[in-house]
There are 2 protein chains.
Amino acid sequence: MKPKYNIPCNIAQSLNIIGDRWTLLIIHEILNGNTMFNEIKKALNGISSNLLSERLRYLEEEGLIVSELYSQHPPRYSYNLTTSGRDLEHVFNALIVWGSNHLKKCYKRLIDPSTGDEVGIAYYSLKTGEMVHDIQVVEELTESRN
Amino acid sequence: MKPKYNIPCNIAQSLNIIGDRWTLLIIHEILNGNTMFNEIKKALNGISSNLLSERLRYLEEEGLIVSELYSQHPPRYSYNLTTSGRDLEHVFNALIVWGSNHLKKCYKRLIDPSTGDEVGIAYYSLKTGEMVHDIQVVEELTESRN
DNA sequence: TTTACAAAGTTGATTTTTTGAACTTAGTAT
DNA sequence: ATACTAAGTTCAAAAAATCAACTTTGTAAA
């Protein structure tokens, strides 16, 4: 079945869910308000129906989107993000910022709407809310038997 | 040749460079100090030599890594990140944070090493350095002829 | 009341990628 | 000599993505 990364790392495990071709772009379109099958298909120049259909099904299984029946009789669904899908926004923003710095041609930028200043990625403490200038990745202790 | 997303968006264009299977994980291993071919291969359980070799070649073409000859006679290279490769760190961190909130099993967390507090993603103004609480994605104006 | 058209898919053949295993080349260690 | 390692390359087999055609239910127009 699905070929998955068998690597003990958040990044690899996250990519097992959102790393397939088109997947992040599909979520991004839904985030941008394109909630219907054909809206998404039209926005994603080149994706085929069967693949879009399969990806949507998989993302729903994984809990990143929910499909809502908006017409009974020809059954028609609109696709919306769950919290976990919406939380990918920071990943999108990190990609937009990276792209604006390193792509030959940049299409989008992140700005502070109150000042117009361009913004970059930072980190803040969940406890205090203050910006944190130095960060560290720590390994979760593997809980052994007890 | 390479199937690429033909979509005018930083995210799609960035994924054209770093969105192939294994690519982000390879860069992440180099960032973590695994700079030799077999170190990367060993860390990435399941990747095959030919694919690793092809991905490294492509990433060098795209300017995300540089290979440095460290032994002349059996030609041996070590792989290191350029600035553009290193700048993907924010993307990795965004994925680590997303994973720590939404994966069934979390392997890593981001903390402030001075306090031990867990951290989340924020944004700051490139001009003032201050944290920005509201952000907006703006489309780059397409430069027409002049 | 046919005819046309759209939305949301499904089916199946073709093409492209990825995997997996074996092989190579140059060198070091025993 | 023999074994073993690093860093790949080559090629066959398997898996995934693309592409085009088709289906189903319904709405709009002639």
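Naming: A, B, ... by sequence-line order, numbering from 1 per chain.
Across the protein-nucleic acid pair, A/Ile40 atom CD1 and C/dG9 atom C1' stand 13 Å apart, rounded to whole Å. As a whole-Å value, the separation of B/Asn6 CG from D/dC19 P is 12 Å. Nucleotide D/dA6 holds its P atom 5 Å from the CG atom of B/Asn38, rounded to whole Å. What separates CD of B/Glu54 from P of D/dT10 is a distance of 12 Å, to the nearest Å. With rounding to whole Å, B/Leu44 atom CG is found 17 Å from C/dG20 atom C1'. Atom P of nucleotide D/dC19 and atom CG of A/Leu52 are separated by 15 Å, given to the nearest angstrom. Note: CD1 (B/Ile47) to C1' (C/dT19) measures 11 Å, nearest angstrom. Distance A/Leu69 CG to C/dA8 P: 12 Å, rounded to the nearest Å.
Judged by distance alone, with hydrogens and angles left aside, B/Asn50 brings no side-chain donor or acceptor close enough to the base of D/dG8 to form a pair under 3.5 Å.
When the side chains of ILVMFWY residues are joined at heavy-atom separations under 4.5 Å, either directly or via intervening members, B/Val137 and A/Val119 end up in a single hydrophobic cluster.
If A/Glu39 and B/Ser48 are placed on DNA chain C by their nearest nucleotide, the residue sitting closer to the 5' end is A/Glu39. Sequence order on DNA chain D of the closest nucleotides to B/Ser53 and A/Leu51 puts B/Ser53 first from the 5' end.
Residue A/Lys41 places no side-chain N or O under 4.0 Å from the OP1 or OP2 atom of C/dG9. When the side-chain nitrogen and oxygen atoms of B/Arg57 are compared with OP1 and OP2 of D/dT9, one or more of them lie within a distance under 4.0 Å. For the pair A/Arg21 and D/dT18, the criterion of a side-chain N or O lying under 4.0 Å from OP1 or OP2 is met. A close approach under 4.0 Å does occur between a side-chain nitrogen or oxygen of A/Trp22 and OP1 or OP2 of D/dT18. Taking only side-chain nitrogens and oxygens, B/Tyr5 never comes nearer than 4.0 Å to OP1 or OP2 of D/dA17.
Taking each heavy atom of A/Asn16 and A/Tyr58 in turn, the nearest pair found is O-OH, 3.4 Å. Across all non-hydrogen atoms, the minimal contact from B/Ser100 to B/Arg109 is CB-NH1, 3.9 Å.
Not less than 6.0 angstrom separates the ring centroid of A/Tyr124 from the ring centroid of A/His133.
Using a 4.0 Å heavy-atom cutoff across all strands shown, B/Ser49 reaches at least one base atom of the nucleic acid.
Salt bridge status for B/Lys108 with A/Glu140: absent, with no side-chain N to carboxylate O gap under 4.0 Å.
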